[in-house]
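Take a look at the structure set out below.
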2 protein chains.
Amino acid sequence: METTAVAGGDDLGERPRQATVRDVAREANVSTATVSRVTSNKGYPVSAAARARVLEAVSRLGYSPNDLARSLLQERTFTVGVVVPDLSNPHHPDIVRGVEETAAANGYSVQFCSTDNEPDRLASYLDQMASKRVDGIILAGGGLDPDRALGAIGPFRMRTIVVGRYSNSVFPSVESDNRAAGQLATRHILELGHRRLGAITGPATATASADRLAGALEVLKEFGLTSRATSVVESDFSAEGGYAAAKKLLKRKSPPTAIIASNDAMAIGAMAAAADMGLGVPNDLAVMGYDDIVTARFLRPSLTTIALPTHEMGSTAMSLLMQLIDGEAVPQRTILGVDLVVRQSTTGR
Amino acid sequence: METTAVAGGDDLGERPRQATVRDVAREANVSTATVSRVTSNKGYPVSAAARARVLEAVSRLGYSPNDLARSLLQERTFTVGVVVPDLSNPHHPDIVRGVEETAAANGYSVQFCSTDNEPDRLASYLDQMASKRVDGIILAGGGLDPDRALGAIGPFRMRTIVVGRYSNSVFPSVESDNRAAGQLATRHILELGHRRLGAITGPATATASADRLAGALEVLKEFGLTSRATSVVESDFSAEGGYAAAKKLLKRKSPPTAIIASNDAMAIGAMAAAADMGLGVPNDLAVMGYDDIVTARFLRPSLTTIALPTHEMGSTAMSLLMQLIDGEAVPQRTILGVDLVVRQSTTGR
DNA sequence: TTGAAAGCGCTAACAG
DNA sequence: CTGTTAGCGCTTTCAA
């Protein structure tokens, strides 16, 4: 019987015991304190000779300091937890990327989890992170209700930043400028001459949708229109949801000539619905979204959208969290700018 | 000056010290050993009365066991590390989701990081994970060269699973059946009558592309064709890369009538290139990809593709890793099935 | 069924 | 500049 087809088991079973400070100290003929002074590299004075011997022993023994012990002592793990509601919405990986990048650049690790749109999992994740003693938490994505986290977070008074929505509770937040985004989108559509608009929003719990709608209403008024110029359908941030919502809108007696979807995935769904109903985009129906996912540029017609500072939201959230961890004050709301990206799905050009 | 606009700083600065076993023990009038026996819940006998007092104290004090201390003692963190090359390729979040789900279901946490296509970051991430004493590691995605990890992983003999490619080194792998995928795709295209094919592959280091190409060649032979029936262009798994590669293919003197791209993102790029060159899909050019990302179904024309068991790859990798951690043997290669999903971009229907 | 005590690997006083 | 020592919070013998 071939054993090369199998790995693990006995051969990997016996890990050689990891070298410890004591091992290194013995090999380098110094005390454990000196080893620690060298490895933690905090500028504590150590003679060149001792340092060299320690370093040599470290590399010879393959010593890697045990952060568990270190963290236990220092009450600091240099790990932050990130919770997203759903990884299939491209918005979220982008945020995570921003978080991760800034975390890595500052020596932090990221403990990651997704509630997969089951809000009940939030509490157990937070418990887990509390047990692991993460230094702070980032709650990302509009789908997550930060107030549901309060019970779990509160007792530990864990440092927490909410990103992609604002919070009624105490948590500082990082958002895109959703009101401006709503204005930008609506103005673009109205300037194109459209007067019957359809809006496909996210779930009612998403503060982003509400803010964008508010911005939209302001611009409608500016154009002398009332909210009745817009039909609103609620959906769920998925292409499938956008498809269904668009069909619903387009089947009305006086259907919209333009649809603004709350993200690009829903906009793609809306474009598919239009195509399936024999409507050309943008001539019969203009469509736009929010996010500016990579694909938006490569659709034909390419998708007009509001570019959100997704990556920056993630990195900003991480920066703020580090400030919180360091005991510094942090603004309660941080709002990042957005941009209109005009493409073919509204203008044809 | 308003202070409500600012959070953190002094108010959150003073965390009440976390309750410890000792606090609970004192409150419940038992020893710390008894507290531990209750909280770790391993079936060690504890009288009902003592247990009740402990539980009461635990909830009253908001006690959450410190996993740092626990792990230090048990040499077990119940944390696994996951490294992906790049989160913007939707394939990877899907794998991560699978890992995360299985991890959560089994009480494991996931330490996450992305090398952002900079292979040099791999080593430092692995060091970090080694220091955090993760129980095992999952290297996900074709872009990652597991052999580059050997140096960092080897000395610690960390349990590692590679997913999305196979490894020349000792690491067990989980892959989709790329050879079958290549066969399926090629046969579909040839059966449609195409005889001049274009293939857009990923980077040469991705074993998946090579395996698919091998499958393709077998089918070409089956149809009495040689490899000259296929022009191959190497690209990078991005829509942008697919766009450029497709243009290159379509500008040749006898351009392909069908393009098989190595993932859906590149296929979307290829469809855009076709549209921009005035070619209709599928009549002038058939296009297909691999992955079956959500968007594929909502493009118009919708995208024919090979559905990869992405999520399952992630969950399988995590299952195997847990076996490895538990000292069990594991197959060196695990290959999961794929499916052809026929849509409009090849057939028009 | 319970408690006392040792110690996981590390760092931070403190003394030299 | 260096070493000794105490102890982070927990689990686990061992003995009662």
Side-chain angles (χ1 to χ4, degrees), chain A residues 15-55 57-58 61-79 128 130-135 156, chain B residues 15-55 57-58 61-79 128 130-135 156:
Chain A
R15 279 204 269 200
R17 196 181 55 80
Q18 294 260 352
T20 73
V21 251
R22 244 178 306 269
D23 299 321
V24 177
R26 183 173 13 79
E27 296 289 311
N29 262 309
V30 294
S31 70
T32 59
T34 300
V35 174
S36 171
R37 282 165 192 142
V38 173
T39 56
S40 44
N41 211 28
K42 289 204 184 112
Y44 196 100
V46 175
S47 71
R51 157 164 285 119
R53 291 206 310 281
V54 168
L55 259 18
V58 162
L61 300 178
Y63 170 71
S64 154
N66 186 330
D67 277 347
L68 258 24
R70 188 178 272 184
S71 296
L72 181 58
L73 202 52
Q74 305 186 139
E75 304 194 318
R76 196 73 192 281
T77 54
F78 284 94
T79 299
Q128 196 183 76
S131 285
K132 294 254 156 90
R133 297 295 192 265
V134 298
D135 292 335
F156 302 110
Chain B
R15 281 202 268 201
R17 196 180 56 79
Q18 294 260 353
T20 71
V21 251
R22 246 178 303 269
D23 299 321
V24 177
R26 184 175 10 82
E27 296 290 308
N29 263 309
V30 294
S31 70
T32 58
T34 300
V35 174
S36 170
R37 282 166 192 141
V38 173
T39 56
S40 46
N41 211 29
K42 291 206 185 110
Y44 196 100
V46 175
S47 72
R51 158 166 282 121
R53 290 205 311 282
V54 168
L55 258 17
V58 162
L61 300 178
Y63 170 72
S64 153
N66 186 330
D67 278 346
L68 259 23
R70 189 176 271 183
S71 296
L72 181 58
L73 205 50
Q74 307 188 139
E75 305 195 315
R76 195 74 192 282
T77 54
F78 284 95
T79 299
Q128 195 182 77
S131 285
K132 295 256 155 87
R133 298 295 192 264
V134 299
D135 292 336
F156 301 110

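Every chain is numbered from 1, with letters handed out A, B, ... down the list of sequences. All heavy atoms count here, side chains included; hydrogens, waters and symmetry mates do not.
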Check your understanding: Can you tell me how far P of C:dG3 sits from CZ of B:Arg22, to the nearest Å?
Key -> 15 Å

Check your understanding: When all nucleic acid strands are considered with a 4.0 Å heavy-atom cut-off, which category describes B:Val46: base, sugar-phosphate, or nothing?
Key -> sugar-phosphate

Check your understanding: What is the distance, rounded to the nearest whole Å, between atom CG of B:Asn41 and atom P of D:dT11?
Key -> 11 Å

Check your understanding: Is any side-chain N or O of A:Tyr44 under 3.5 Å from a base N or O of D:dT2, one able to act as donor and the other as acceptor?
Key -> yes

Practice item. For the pair B:Ser40 (side chain) and B:Lys42 (backbone), establish whether a donor and an acceptor sit closer than 3.5 Å, ignoring hydrogens and angles. Key: no

Check your understanding: Are any side-chain N or O atoms of A:Ser71 and backbone N or O atoms of A:Leu68, one a donor and one an acceptor, separated by less than 3.5 Å?
Key -> no

Review point. For D:dC8, does either OP1 or OP2 sit under 4.0 Å from a side-chain N or O belonging to B:Gln18?
Key: no

Revision key, fill the gap. In A:Arg70, A:Lys132, A:Arg133, the residue satisfying side chain to side chain contact (heavy atoms under 4.5 Å, CB included) with A:Thr77 is A:Arg133

Check your understanding: Under 4.0 angstrom, heavy atoms only, what part of the nucleic acid is B:Val35 near: base, sugar-phosphate, or nothing?
Key -> nothing

Review point. Side-chain N or O of B:Ser31 less than 4.0 angstrom from OP1 or OP2 on C:dG3?
Key: yes

Point to revise | Side-chain donor/acceptor contact of A:Arg37 with base of D:dG3 under 3.5 Å | key: yes

Check your understanding: Which residue, A:Thr32 or A:Ala48, contacts DNA chain D at a nucleotide closer to its 5' end, judged by nearest heavy atom?
Key -> A:Ala48

